[in-house]
Number of protein chains: 2
Amino acid sequence: MNTKHAASFPSLRQSNLVEQVADVLTEAIIARRLEPGERLSEVQLARDMGVSRAPVREAARLLESRGLLVSRPRRGFFVRELDSDDLADVFDLRLCLERHAFQLLAARFTPEMHDALHRQVEIMCDVAKEGDDGRKIEEDLRFHRLVFEFAGNRRLLKAFDDLSHELRLCMALIGRTHADPDSIVTSHWALVEALASGEADNCRAAVDYHIGVARDYVIQGIAPPPSG
Amino acid sequence: MNTKHAASFPSLRQSNLVEQVADVLTEAIIARRLEPGERLSEVQLARDMGVSRAPVREAARLLESRGLLVSRPRRGFFVRELDSDDLADVFDLRLCLERHAFQLLAARFTPEMHDALHRQVEIMCDVAKEGDDGRKIEEDLRFHRLVFEFAGNRRLLKAFDDLSHELRLCMALIGRTHADPDSIVTSHWALVEALASGEADNCRAAVDYHIGVARDYVIQGIAPPPSG
DNA sequence: GTTCTTCAAACTGTCGACAGTCGGCGCTCG
DNA sequence: CGAGCGCCGACTGTCGACAGTTTGAAGAAC
């Protein structure tokens, strides 16, 4: 992308500039209007967004900690590039975290949690019918985030939140995405059922299958099996 | 090779103020010269360190992402407070990550890795004899970091690095620390032996025991069993 | 004596500016 | 014709300053 993306960034003029800049940058990276490996100029971004360099710098640092940017000293920030090894690593860590979250959650599952996850699956189904890929990814991540919330370990939730930004990048990276409404429902409903069974082994098997499918889907970057 | 001498010249970078400020702040927090919950004034810190507010802000943001500070909008930064629930969460996540790292590593363990871990245990033993608590903690963390390095998943390593800052805080929180040289050696040697066996079950049991002991040690904050 | 109001001090969020540094381009030299 | 050197532009790292906000307390009202 060349440097004339002034039109791409809606003008922003309220407090929380850092967060707004971070959101705009994140969206631009996910939408691939900023190409992987592309160098970001602080002054240019500041000009384009109509703010000074300070909020841009802080937002960039934030995105660096989230793994969306990498910084090289004295050279500035670059859009993170993900190779296939990175994808494998991300999904391997995700598997590690989700196994644990599901194990924790299975031991403290309540009807209220069951209802909440049920509602979320319905939302995902509705969104899938609309066909907005971005929202599909968001609602999918929201389902899994709910699991981590309910699991009860705040530090584990934070680890997932950290990883989720890279996950979002991975999912968006394959361009068009995500399965039909039916497979999304069945895929996630299986997870809820495993939780409801209270059996740790059921949960682990369901999670391994679910994450494995998502990983293969992203890594192959083609086929249209169930969702992630 | 244009990079032939790179290794010969140890980090000559004097410049990076942000990193220096971050190091000073980190050390002060770990050493509890800054009390948990204490508010940090940017201007005051900048004055005390003889720099401007910009590097202080960036360093503070860095430490926030590491979980050593928390920021409240328009109120500034506060030293992170850890309650017993936080400790439990941290060690639960650590258990999750280390289980996975050991499982990965057991499947790719080489004699070179064995030697490296062996050497590290010897270093830890020497340091333990000296009695410097800070260095004991550092070398202990270095052992576990080696395991994550060898495990081969860079994203998993990053997750451990993120967590390690809070771990350091937890360990320093209990003030005096860490067992005698003998128990440190036997405790970590058991981990290496489990890795060498190549049996995933051995590894998991060894890790569960090792991390469990460390967790109980920190949470109780008193007893002098083996190390973490 | 207690509570609400008001006010000043301090602080954060943001900005524009300056200096040192890095990468690229042309020039010189072999 | 290729390689090394030095200059130029652009950019990052850092700084001091300004404005709006929060804090804490002094003072007024009850």
Side-chain angles (χ1 to χ4, degrees), chain A residues 1-6 9-26 28 34-35 37-65 68-81, chain B residues 1-6 9 11-26 28-29 34-35 37-65 68-81:
Chain A
M1 173 185 251
N2 47 32
T3 53
K4 296 299 182 281
H5 29 55
F9 300 134
S11 65
L12 32 88
R13 256 288 150 196
Q14 289 162 12
S15 63
N16 267 4
L17 275 189
V18 174
E19 205 164 322
Q20 293 182 56
V21 172
D23 286 347
V24 170
L25 273 181
T26 300
L34 299 174
E35 295 174 10
E38 178 176 349
R39 178 177 180 174
L40 298 186
S41 160
E42 292 178 8
V43 281
Q44 184 92 36
L45 288 176
R47 259 200 306 268
D48 292 347
M49 300 191 190
V51 299
S52 82
R53 280 175 53 215
V56 172
R57 274 181 75 89
E58 291 200 19
R61 275 259 147 83
L62 187 63
L63 266 61
E64 183 192 13
S65 77
L68 298 185
L69 297 178
V70 294
S71 76
R72 286 196 272 171
R74 293 263 166 213
R75 299 240 20 224
F77 293 91
F78 298 78
V79 179
R80 170 82 177 278
E81 293 181 279
Chain B
M1 329 269 166
N2 42 14
T3 59
K4 187 172 69 171
H5 301 108
F9 300 126
S11 59
L12 189 49
R13 51 206 184 118
Q14 181 86 0
S15 56
N16 215 342
L17 275 188
V18 174
E19 207 163 321
Q20 290 178 252
V21 172
D23 286 347
V24 170
L25 274 181
T26 300
I29 293 172
L34 299 174
E35 295 177 9
E38 180 177 348
R39 179 177 181 173
L40 298 185
S41 160
E42 293 178 8
V43 281
Q44 181 135 6
L45 288 176
R47 260 201 306 266
D48 293 348
M49 300 191 190
V51 299
S52 81
R53 281 175 52 214
V56 173
R57 275 180 75 88
E58 292 201 17
R61 274 259 147 82
L62 188 63
L63 266 62
E64 183 192 12
S65 77
L68 299 185
L69 297 179
V70 294
S71 77
R72 286 195 273 172
R74 294 258 165 215
R75 300 237 14 224
F77 293 91
F78 299 78
V79 179
R80 169 82 177 279
E81 293 180 278

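Every heavy atom of this structure was used, including side-chain atoms; hydrogens, water molecules and symmetry mates were not. A note on names: the letters A, B, ... follow the listed sequences, proteins ahead of strands, and every chain is numbered from 1.
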Spacing of [X] atom [atom1] and [Y] atom [atom2] [to the nearest 0.5 Å]:
X        : Y        : atom1 : atom2 : result
Arg53(A) : Leu45(A) : CZ    : CG    : 11.0 Å
Glu38(B) : Glu81(B) : CD    : CD    : 10.5 Å
Leu34(B) : Leu68(B) : CG    : CG    : 11.0 Å
Phe77(A) : Glu64(A) : CZ    : CD    : 5.5 Å
Leu62(A) : Leu69(A) : CG    : CG    : 9.5 Å
Asp23(B) : Asn16(B) : CG    : CG    : 9.5 Å

For nucleotides 8-12 of chain C, list the nitrogen or oxygen atoms of the protein found under 3.5 Å from its nitrogen or oxygen atoms, one pair per line.
residue: dT12(C); atom: OP1; partner: Leu40(B); partner atom: O; Å: 3.3
residue: dT12(C); atom: OP1; partner: Glu42(B); partner atom: N; Å: 3.4
residue: dT12(C); atom: OP2; partner: Glu42(B); partner atom: N; Å: 3.3

If you compare all heavy atoms of Ala22(B) against all heavy atoms of Ala59(B), which two are closest, and at what distance to 0.1 Å?
N-CB, 3.7 Å

Just the rounded figure in Å: distance from P of dT12(D) to CD of Glu64(A).
14 Å

Taken to the nearest whole Å, CE/Met49(B) to C1'/dT14(D) is 16 Å

Five pairs at each end of the helix from dG1(C)-dC30(D) to dG30(C)-dC1(D): take the axis at both ends and give me the angle between them to 10°.
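About 10° separates the two local helix axes.
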
Any sub-3.5 Å donor-acceptor pair from Arg72(A)'s side-chain atoms to Phe78(A)'s backbone N or O?
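Looks like no, no N/O pair under 3.5 Å.
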
